[in-house]
Each structure stands twice: as C-alpha cells, then as structure tokens.
Amino acid sequence: MRVSDARVIVCSPGRNFVTLRVETDDGTWGLGDATVNGRELAVASYLRDHVVPLLIGADPFATEDTWQYLYKGAYWRRGPVTMAAIAAVDVALWDIKGKALGVPVHQLIGGRSREGVTVYGHASGGDLDEVVQAVARYLDMGYRAVRLQAGVPGLAGTYGVGRGDLYYEPASPGRPTEERWSTERYLDFVPRLFDRARQEFGFEVHLLHDAHHRLSPTEAAWLGQRLERYRPFWLEDPVPAELQSSYRHVRRHTTTPIALGEVFNSIHDCEQLISEQLIDYVRASTVHTGGLTHLLKVAHLAELYHVRTACHGPTDVSPVTMAAALQFDIAVHNFGIQEYMRHTPETDAVFPHAYHYDDGMLHPGDEPGLGVDIDEQLAEQYPYERSYLPVNRLLDGTVHSW
Ligand code: CS2
Ligand code: MG
C-alpha cells in the first residue's frame, strides 16, 4: 500500500478550514486538519507546494518515519505553519492505518482507558447575569465543567464572549478588529465572577477561566491567590509562555491549577513547564503540535510529572482535529479534560462525523480510523474568506497580547 495522491481543501463553512485528504493506491483515504487561524493560506501553500510532492509513494503505515522525514528533512524545524502541515499528514496517515486495519485509531494507541471524554463548555455573557444564565443552560445539557468568561465592566468588548448561546467565533472577515484592555479592571472583576458563580451553583460543577495570555507573572500569582477559595478547575494561559521559567513565580505563589499550551507547537515549548511541574494541564492539540505522533510524546512526558492533557477544542480546530483529539483522549492514561466549543451546523454538515455528545461527555464512536469525513461538493459552496483574530491594545494604545 502506497500514498498515490493528496490534496488540500480550503473552505469556509462558518469559518476557514484547511484540510488535507490523502489517498492510497488501494482507494483508502484519510483526513488531516491544517488550520492555523488567520494564517490559513500559508499552511495550504506549505502543504501543496512543498509536502504533497514528497508524499507520493510513501508507506502510509510508517507514521513515525514520515513524521521525522518531514520534520528533520526540511532542516527548518518547528513553528505553527510547519507543525500544522506535518500534523495534517500525520493524522491523515493514522486515519488510513485505522481504516486499513478496520479499527478506530484509539485501538492503535492503547485502546480505551475510560468510558467517555469529559468536556467543558463555554458559558459567557456581557455581564454577570448573562453568564449565570449561560452556566444554567450548560448544566441543563448535562455538562459537569464550564468555562466562565464575561465582559469586563468599563471595557467595550473582550475575548471569550460568544455570539449567541452556544457559539463563539473570535475571527472576523476583513482587517483585524481592535479591542481595548485594562488589566486593572479585569483583575478587579474576575474574583467577583467566580464569587457569583459559586453562590449560584455551589461547588459541584467544575469552573474554568481563560486569561488569554494577558497577565504578568506577578498579576497571575495575585489572581490565582484570589481565586483559590472558589476552587477553580484551572486558570488558563495567565502569562505568555515563551519564557517557561516565568511560571516558577506563578507556581510559588498560588495553588490554583494552571493550564497552558493551545499555542504550543512542539514538545520543546513545554519541556521545562512539565519537568519542573509548573503546570497542571497541557492544552496542546494534534493540529498545532505535530499530529498524534508528536502529541503522544507530549502526553507520555507529562504523565511522568503528574501533568494531565486537555486538548484545545475551539471552533478553529476543525471536526477532523476534534475526531483525532477524542481518539487520543479516550486512550491516554493521563487525560484531564477536553474543550468542546460547538461548531456551527454549517461546519458540521461539511464534516460529517461519528463523535457525539451525551450527558457531559463526547464519545469518539467505533468507526474505523478517525470517524470523520468531508463533503467536498458542499465545501465548494463555502470559499475561503480572509479573516483575522482581533488585535488588542491597552487603554493608552500600546499593543498587548490578544
Ligand atoms: C481560546 C481560543 O479555546 C480557547 O481556550 O483561547 O478560542 C482561542 O482564542 C482561539 O483558538 C484562537 O484561534
Ligand atoms: Mg484558551
């Protein structure tokens, strides 16, 4: 069995996605996601112009060798574009392997370790009352873990606040929109958000929060301390993590669990964070961290240090990545939680999938491979639309992390 063809499909059913479809000479095919939000066409070109020509003739079962060939063979290593392209190839090959053997991918990476994949949903709103209503809605749907995000009083708009009840999509067409930010107003508000949620819902539900890379280590430590009494499940991305050692300061001053990693693209981005036990959850995803082959290495390293997995699962990782994440989540021993930001009905129609939600959990299904497809004819009706994430500035105009 050899790879005979591969093509890149760019479509925008509600948002942009880059998908790689790999075919073999016996007619088996597999899918991989290569979406990098706001930089989609760079990965599409990397794949079309530089990777697909090298794939023809490859052994689809040799996932480790192909991974190393694309990573070491390029000479230029790491970075989101390179690693998303490698991920798309890797995940598509795992899909093919599963189909060729007639088993879901999780059977190839350890089999089932649990009955289902516990997920968290996104409760958000313009103010505290709206967030409370949103949490109640998720609890009615059976969720046992909910992320809290709310508009900060005195700021016009901010990350993490959805449009409509169940959907959140931060990217928008055209030039990036600009938002304004005040860390002081935010720090004043978040403890009140948790206080209200615990008063309304008690301590049975897990509550999470994402600080979206906006704090200094000292600010993060301050916030972590103030939140301890509300027992958050985690505080996510409090400080940009390029400087991994900066988390020593955060860790020293708070027992609030820390989750990091949605922008990591290699094990080297978290090696120190994991081995010094500076974080509790690693949020790397298959698409942005080099596919299943590489993410399994991250999970196995993390297992040694009591760090659990928590794959990124926003709308900008396609149903192909969600399917891959669920195969991974059901199998790895040190699974922690899975983010589940629902895709729009348009996205789900283009990517029919076997995974399904039931009572606070996602289930990967038992179809061979990943259990996800792409309807290419339908995808053609949704051409690429240039879109970007917002840019963030402090109140005095200084560019800040978004
Ligand atoms: C967020 C994401 O899911 C999360 O935790 O941080 O929605 C993030 O903003 C987007 O994936 C950016 O592309
Ligand atoms: Mg996040």
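As the structure lists them, so they are numbered: ligands from 1, and atoms in each ligand from 1. Side chains included, hydrogens not; waters and symmetry mates left out as well; all remaining heavy atoms used. Residues take their numbers from the sequence shown, with the count starting at 1.
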Open item on the list: Any donor-acceptor pair under 3.5 Å linking the side-chain atoms of Thr347 with those of Thr344?
Closed with: yes
Report, one line per pair, each donor and acceptor closer than 3.5 Å where one atom sits in a side chain of residues 31-43; sequence neighbours left out.
from: Asp33; atom 1: OD1; to: Thr35; atom 2: N; distance (Å): 3.0
from: Asp33; atom 1: OD1; to: Thr35; atom 2: OG1; distance (Å): 2.6
from: Asp33; atom 1: OD2; to: Ser318; atom 2: N; distance (Å): 3.0
from: Asp33; atom 1: OD2; to: Thr321; atom 2: OG1; distance (Å): 2.6
from: Thr35; atom 1: OG1; to: Val18; atom 2: N; distance (Å): 2.9
from: Asn37; atom 1: OD1; to: Arg15; atom 2: NH2; distance (Å): 2.8
from: Glu40; atom 1: OE1; to: Gly38; atom 2: N; distance (Å): 3.4
from: Glu40; atom 1: OE2; to: Gly38; atom 2: N; distance (Å): 3.0

TODO: Identify, chain by chain and in numerical order, each protein residue with a heavy atom under 4.0 Å from an atom of ligand 1.
DONE: Asn37, Arg147, Tyr168, Asp210, His212, Glu236, Glu262, Arg283, His312, Pro314, Asp316, Glu339, Met341, Leu389, Trp402
Return all side-chain donor-acceptor pairs below 3.5 angstrom for residues 391-402, not counting sequence neighbours, or 'none' if the list is empty.
from: Asn392; atom 1: ND2; to: Ser401; atom 2: O; distance (Å): 2.9
from: Arg393; atom 1: NE; to: Glu178; atom 2: OE1; distance (Å): 2.7
from: Arg393; atom 1: NH1; to: Gly397; atom 2: O; distance (Å): 2.9
from: Asp396; atom 1: OD1; to: Thr398; atom 2: N; distance (Å): 3.0
from: Asp396; atom 1: OD1; to: Thr398; atom 2: OG1; distance (Å): 2.7
from: Asp396; atom 1: OD2; to: Thr398; atom 2: OG1; distance (Å): 3.4
from: His400; atom 1: NE2; to: Arg214; atom 2: O; distance (Å): 3.0
from: Ser401; atom 1: OG; to: His213; atom 2: O; distance (Å): 3.4
from: Trp402; atom 1: NE1; to: Glu179; atom 2: OE1; distance (Å): 3.1

TODO: Run the numbers on Arg2 and Asp59 for salt bridge (Lys or Arg N to Asp or Glu O under 4.0 Å), then give the verdict.
DONE: CA-CA 5 Å; Arg2 294 281 155 185; Asp59 170 4; 5.0 Å; no
Open item on the list: Tell me if the centroids of the rings in Phe335 and Phe328 come within less than 6.0 Å of each other.
Closed with: no
- [ ] With His312 as reference, evaluate Glu236, Glu262, Arg283, His288 under the side chain to side chain donor-acceptor pair (under 3.5 Å) test and give the passing residue.
- [x] Glu262
- [ ] Say whether, by atom type as modelled, one donor and one acceptor occur between the side chain of Thr286 and the main chain of Gly291 under 3.5 angstrom.
- [x] no
Open item on the list: With 2.8 Å as the threshold, which protein atoms of type N, O or S lie near the Mg ion (ligand 2)? Leave waters out.
Closed with: Asp210 OD2, Glu236 OE2, Glu262 OE1
Task: Heavy-atom closest contact (Ala299 atom, Asn334 atom, distance) - done: O-ND2, 3.0 Å
Open item on the list: Classify the ring geometry of His356 against His363: parallel below 30°, tilted from 30° to 60°, perpendicular beyond 60°.
Closed with: parallel
